[in-house]
Amino acid sequence: MNNEEFKKPYNPIEHEDAIYKKWEESGFFNPDVCIEKGITNKNADYFSIVLPPPNATGTLHIGHTFETTIQDSITRYQRMSGKKTLWVPGTDHAATATHAKVEKMIQKEEGKNRHDLGKEEFVKRVEKFVEESRGTIQKQLRKIGSSLDWSREAFTLDEKRNLVIKTIFKRMYDDGLIYRAYKVVNWDPKGQTTISDDEVEHEERKAIMYTFKYSPDFPIAISTTRPETKVGDTAVAVHPDDERYKKYIGQTFEIEDFAGEKLSIKIIADESVDPEFGTGALGVTPAHSQIDWEIAQRHNLPLKQVINEYARMFVESSLLKDKKTTEARDVVAQWLREKKLMEKEEEISQNISIADRSKGIVEPLPKLQWFINVSKEFIYPFDTLPYIKKGEKVTLKKLMLSVVESKSINITPDRFEKVYINWIENLRDWCISRQIWYGHRIPVWYKGEKIYCGAEEPKEDGWTQDEDTLDTWFSSGTWTFSTLGWPEKTEDLKNYHPTTLMCPGYELIFFWVARMILMTTYAVGQIPFKNVYFHGIVRDTKGRKFSKSLDNGIDPIDVINQYGTDALRMALTVGIGPGNDSKFDFAKVKAYKNFANKIWNASRFVLEQISDIFEVSKMPFDISRLNEEDKKIVGEFKNVIIDITNDMENYRFYLAAEKIYHYFWHTFADIIIEDCKNRIKENQEADSAKQLLYYLLKEQLKLLHPFMPFITEKIWSLLPDSKGLLMIEKWPKY
RNA sequence: GGACGAUUAGCUCAGCUGGUUAGAGCGUGCGAUUCACAUUCGCAAGGCCACUGGUUCAAAUCCAGUAUCGUCCACCA
């Protein structure tokens, strides 16, 4: 051995950046280059993944590292297996999250809110922030060793993607699937925007259930946890068969004074009322409750809005006017007690609705918004899906459902199929308009009573564009095909779509996976991906999620600097099955750092042992020169290859990585090297021993490469007969 | 209220389609080591595989139920 580099223990930070640079400069992350240079066969199969775009709100955390590692391992494996392999990078503008983050930053640093800056300036500031974040993210993805084709990088809010969403919006609008309507939506008073049902979280909290009558003359008592909303009541609903209340149905009661407001309450019968719950009578507040809104629609009840966008009372009553809802609640309760109308107060626990981003309490409000109708029938225009014919009547819901029910998409682990189907079955129309400034503008213009929807601005004067932006998931839903060139009929789209694999966290099954299926089956007539691999959440050693409030975050770059990327990747691969959460432990990373060093030392030792055979040019390896014992070892090793290949093909990376680890250390290093060492020393069957050692080393470097790309590439470059890069070597045959 | 997951060595977890003495990492104990590696090697201790039944020649693995923990979904006012 003449290589000084090998003398010291393996030090990852000395090598990793240089190795990544070599890979990137080679151009082999781009499948076109691999085909052009004859590395990949022209007739080979395609393999494609699109990176779940990280939010451009900051830096990557350990969870991203985990997700990226899985994808890189499979991508490297597929590339080595000879497929035309494409992994597309990108970032997500993450409208709401980014908007909130930048607004908070400006508030903190300059004491200004977005209205102080104005829309144009604010959006400019967000874009500047996003540009910086994207740079950081790109650097971090390289650090992890991601073999992404940077020449195809995309962003959810660039011009190409904007054309995509405008095109789809228009088509949906023309199909009557996108509509504008005034109805009760989830309003986030803290974020000052509407949100979809999926962005609402539920948290159990204690509350008081008040039972009371509107007035001394009112015949029926009702129960509520929100008495302040009762000034907006226009009806009391009872079950049609309820003997207690039957006689009042159809009557209207005028209440002159309810906490300073005048009410007109009609008694109505509705099947949805549970006679067993509370008093069996439900005070109907059409403007501030989803169910009540629906009841009001059925009975043609008037609507009275009593709460505004800032969660303050929007009434004339001097008792309540402009008060926060929580204060108004106490005022009304006190008023009821004083008027002797309160019959019961009991503590209960109830689910309260919270906006997932802002953590503000969601206030149902009636608003004019844009929606996607998931239940409306339309004529399906494509004949490319096997289970739905061209010209058939479908709904978006049906499209989303049939893809999974027909097993057109293979879901790993399969238990998420049920979760998905259950969600679709309960799916309601999707509110897609947001009142934030950063995002894709809704491609609709108004002129008096006229409405225009289109990808291009109307030519004549006098049109004003809708002020709202689109839910960020509307654009994320197009990710697999918008990154490949749609709506143009590109080669990429033809070759790489549907993509082979998608690798999101299971928490994105509704937000994203379902929406990709919706958008892709609707717009392209294809499934977005053939396989989904749901990964779990990386937690801290106590099993808690990483969060800013707990201050338990771990910066992957720190871990990499201390232990090396390969060690971190192994720690995030071995033993972590699909859909399972894991606990991040430095001890595990350290163990794989030791493994990296083991690989380093064993490789050096093997090269020292076999150095003479190159001098007498007895290479390349020839299995016929092995003795019977060594042939048997090769046979056993082939079984390991089969096993590992099988695991890779079936998305069991956590097993494949462990198997190669175990074989290298505890079979190859502990047993085979030790054995060969003695034979070489004593010159017994030494030639066979050397052949065996070198063959096994090289083949194992290939098997290890998808998981530990840096150290294996480095060692590969030090082999006496290596020519090109390990990343484009052929996966071992068996 | 529904659905799902977990329960295996002191700790963190594997165990894929049921098949010889149930595995790994870390930790613990004893020993080795001028010979690639103290980021090493060998040996050892430590497990009614949550519980109860069932299917089977055979169950940690399949089925039913129970318990505990956890996650997701749901407009009970």
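Per chain, numbering begins at 1; letters A, B, ... match sequence-line order.
- Along RNA chain B, the nucleotide closest to A/Arg539 and the one closest to A/Gly575 are compared, and the more 5′ of them pairs with A/Gly575.
- The shortest distance between the side-chain N/O atoms of A/Lys418 and the OP1/OP2 oxygens of B/A3 is not below 4.0 Å.
- In this model, the phosphate group of B/U39 is not approached by any side-chain N or O of A/Lys590 to a distance below 4.0 Å at OP1 or OP2.
- Within the 4.0 Å cut-off from OP1 or OP2 of B/A14, at least one side-chain nitrogen or oxygen of A/Asn580 is found.
- Taking 4.0 angstrom as the limit, A/Lys583 places a side-chain polar atom (N or O) nearer than this to OP1 or OP2 of B/C13.
- Distances from the side chain of A/Arg415 to the nucleotides B/C4, B/A24, B/A36 place B/C4 closest.
- Here A/Trp665 reaches the OP1 or OP2 of B/C41: one of its side-chain N or O atoms lies under 4.0 Å away.
- Both cation-pi conditions hold for A/Lys183 and A/Phe371: the charged atom is under 6.0 angstrom from the six-membered ring centre and inside a 45 degree cone around its axis.
- The side chain of A/Glu658 lies closest to B/A14, out of B/G42, B/A14, B/A36.
- Using Watson-Crick or G-U wobble geometry with both donor-acceptor distances under 3.5 Å, B/A60 finds no partner in any strand shown.
- Base pairing annotation: B/C41 forms a Watson-Crick or G-U wobble pair with B/G31, both donor-acceptor distances under 3.5 Å.
- Atom CG in A/Asn594 sits about 8 Å away from atom P in B/U39, given to the nearest Å.
- Taking only side-chain atoms of A/Glu294, from C-beta outward, the nucleotide of B/A36, B/C75, B/C72 with the closest atom is B/C75.
- Under 4.0 angstrom from either OP1 or OP2 of B/C13 there lies no side-chain N or O belonging to A/Tyr654.
- Checking the phosphate oxygens (OP1, OP2) of B/C41, a side-chain nitrogen or oxygen of A/Lys598 falls inside 4.0 Å.
- Using a 30° and 60° split on the angle between ring planes, A/Phe586 and A/Phe584 fall in the perpendicular class, above 60°.
- B/C16: no Watson-Crick or G-U partner with both key distances under 3.5 Å is found in any strand.
- Counting only heavy atoms from C-beta on, A/Pro9 has its side chain closest to B/U39 among B/C4, B/U40, B/U39.
- With hydrogens and angles ignored, the 3.5 Å screen pairs a side-chain donor or acceptor of A/His288 with a backbone N or O of A/Ile307.
- Put simply, A/His202 has no side-chain N or O that comes within less than 4.0 Å of OP1 or OP2 on B/C76.
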Carefully, step by step, assess A/Arg244 and A/Asp242 under the rule salt bridge (charged side-chain N to carboxylate O under 4.0 Å, His left out).
-> CA-CA 6 Å; A/Arg244 295 169 295 179; A/Asp242 197 322; 2.8 Å; yes
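- When ring centroids are compared, A/Tyr214 and A/Phe218 come within the 6.0 Å threshold.
- Both distances falling under 3.5 Å, in either a Watson-Crick or a G-U wobble arrangement, occur for no nucleotide opposite B/A22.
- Across all strands shown, B/U66 is found opposite B/A50 as a Watson-Crick or G-U wobble partner, with both distances under 3.5 Å.
- Within the cation-pi definition used here (under 6.0 Å to the ring centroid, within 45° of the axis), A/Lys677 qualifies as a partner of A/Phe605.
- Base pairing analysis places B/C76 opposite nothing; no Watson-Crick or G-U wobble pair with both distances below 3.5 Å involves it.
- If you measure from atom CD1 of A/Ile673 to atom C1' of B/A36, you get 8 Å, rounded to the nearest angstrom.
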